[in-house]
Amino acid sequence: MRRSGWNLLLLVPFLMLVTPWLNFDQPRLLGLPFFYWSQFAFVPIGVVCVAVVFRMTRDDTTPPAPGTPGGVDELDEGAQR
């Protein structure tokens, strides 16, 4: 398991679970109280947060160093050259 500061961004979607912070009637958007439309707004915000963390913490593939053996297919005895 790798640790990264980017993983802290995954805490942002959990803010929608703190309902006392969002339990208001005003401002209304399209007739919906603030509580409901803010919950809907957190869905794409959560998706963006997860996507950013995924992109920033994934391992980049590096080419093998010269002279090192290749992958399994290259080491197979029956491989076509």
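Residue pairs that meet the salt bridge (Lys or Arg N to Asp or Glu O under 4.0 Å) test with at least one member in residues 37-50, sequence neighbours left out, do not exist here. Note on residues 21-34: pairs passing side-chain hydrogen bond (donor to acceptor under 3.5 Å, both in side chains), not counting sequence neighbours, are D25-R28. Every pair tested for salt bridge (Lys or Arg N to Asp or Glu O under 4.0 Å) that includes a residue from residues 39-50 fails, sequence neighbours excluded, so the list is empty. Counting only residues at least two apart or in different chains, salt bridge (Lys or Arg N to Asp or Glu O under 4.0 Å) contacts with residues 29-39 are absent. Residue pairs meeting the salt bridge (Lys or Arg N to Asp or Glu O under 4.0 Å) criterion with at least one partner in residues 33-50, sequence neighbours excluded, are absent.
A distance of 11.0 Å separates CZ in F40 from CG in L29, rounded to the nearest 0.5 Å. Remark: N7 CG to C49 SG distance equals 12.0 Å, nearest 0.5 Å. To the nearest 0.5 Å, the span separating CG on L32 from CD on Q39 amounts to 12.0 Å.
In the hydrophobic clustering of this structure, F42 groups with V18; members are Ile, Leu, Val, Met, Phe, Trp, Tyr whose side-chain heavy atoms approach within less than 4.5 Å, directly or through other members.
For F24, there are no ring pair (Phe, Tyr, Trp, His ring centres under 6.0 Å) partners two or more places apart in sequence or in a different chain. For the side chain to side chain contact (heavy atoms under 4.5 Å, CB included) test, residues two or more places apart in sequence or in another chain that qualify with V52 are W6, L9, V48, M56. Judged as a side chain to side chain contact (heavy atoms under 4.5 Å, CB included), and not counting sequence neighbours, the contacts of P27 are F34, W37.
In this structure, Y36 places its OH atom where only 12 or fewer heavy-atom neighbours from other residues, nucleotides or ligands lie under 6.0 Å away.
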